[in-house]
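Contents: one structure, followed by commentary.
Chain naming here is simple, since letters A, B, ... match the order of the sequence lines and numbering starts at 1 in each.
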Amino acid sequence: MAFWLMKSEPHVYPWEQLVSDGETHWDGVRNYQARNIMRDDMKVGDFVLFYHSNCKPPHVAGVARVCREAYPDFTALDTDSNYFDPKSSPDNPRWMMVDIEAVEQLPDTVPLGDMRENPELNGMPLLQRGQRLSVQPVSEQHFETVCGMGGLDPSSL
DNA sequence: GCCAACGTTGGC
DNA sequence: GCCAACGTTGGC
């Protein structure tokens, strides 16, 4: 069992949309490091902190779970998609995605500033300078701390 | 809107 | 394989 954090801009795909969809395919990741994490490391049942970036304030909104392991990101093959990549092909798909499902909304969203101020989160990748990865690892301890800050008992998951 | 940090591209 | 130029991310 591993723990992850995934970023989404709320005006692109908000947490509320995941709740209403139930589950979704995480298309559009075009960064090799993030792809490798999805392809090699994310397993069904892993928990995911759903993070809203590029908003005021940035915050963790809810807990999701991986419900399908990596498979080709078909938007890379779709010429009509903003995520189209001419270097990807059906025989040799360059980009991968996983599916995630909503698990629990945090009773209180957890703002980035609060996370920075919490010494229990020291070393969390999200808080490192210049961190831009849209899919990143979270330790179990940090995962539980963030849940707690959001008013969610992680042992209830 | 600014800009620091980082990733990618492409000429050489 | 180096590295300058450029594009993107994302907090502030």
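- In this structure, A:Asp114 atom CG and C:dG11 atom P are separated by 14 Å, rounded to whole Å.
- Rounded to whole angstrom, the span from the CG atom of A:Leu133 across to the P atom of C:dG10 amounts to 9 Å.
- For the pair A:Gln33 CD and B:dG7 P, the interatomic distance rounds to 7 Å; values are reported in whole Å.
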Enumerate donor-acceptor pairs with a distance under 3.5 Å from any side-chain N or O in residues 53-61 of chain A to protein atoms, sequence neighbours excluded.
| from | atom 1 | to | atom 2 | distance (Å) |
| --- | --- | --- | --- | --- |
| A:Asn54 | ND2 | A:Glu9 | OE2 | 3.4 |
| A:His59 | ND1 | A:Pro57 | O | 2.9 |
| A:His59 | NE2 | A:His52 | ND1 | 3.0 |

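- Contact annotation for A:Lys56: no contact, since no heavy-atom pair falls under 4.0 Å across all strands.
- Taking side-chain N and O atoms only, A:Lys87 has no distance below 4.0 Å to OP1 or OP2 of B:dT8.
- In this structure, A:Tyr32 does not reach the B:dC6 phosphate: none of its side-chain N or O atoms is under 4.0 Å from OP1 or OP2.
- Rounded to whole Å, the distance from CD on A:Gln136 to C1' on C:dT9 is 12 Å.
- Using a 4.5 Å heavy-atom cutoff, the side chains of A:Phe143 and A:Leu49 are in contact.
- Atom pair A:Asp85:CG and C:dT8:C1' shows a separation of 15 Å (rounding to whole Å applied).
- In this structure, A:Lys7 atom NZ and C:dT8 atom C1' are separated by 12 Å, rounded to whole Å.
- In this structure, A:Asn54 atom CG and C:dT8 atom C1' are separated by 11 Å, rounded to whole Å.
- Counting any heavy atom pair closer than 4.0 Å across all strands shown, A:Arg30 reaches no nucleic acid atom.
- When the shell of 6.0 Å around CD of A:Gln33 is examined, it contains 12 or fewer heavy atoms from other residues, nucleotides or ligands.
- Counting to the nearest Å, the P atom of C:dC12 and the CG atom of A:Leu112 are 5 Å from each other.
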Working note: A:Phe50 + A:Trp26, criterion ring-ring contact (aromatic ring centres under 6.0 Å, His included); need CA distance, chi angles, decisive distance, verdict. CA-CA 12 Å; A:Phe50 194 105; A:Trp26 204 253; 5.6 Å; yes
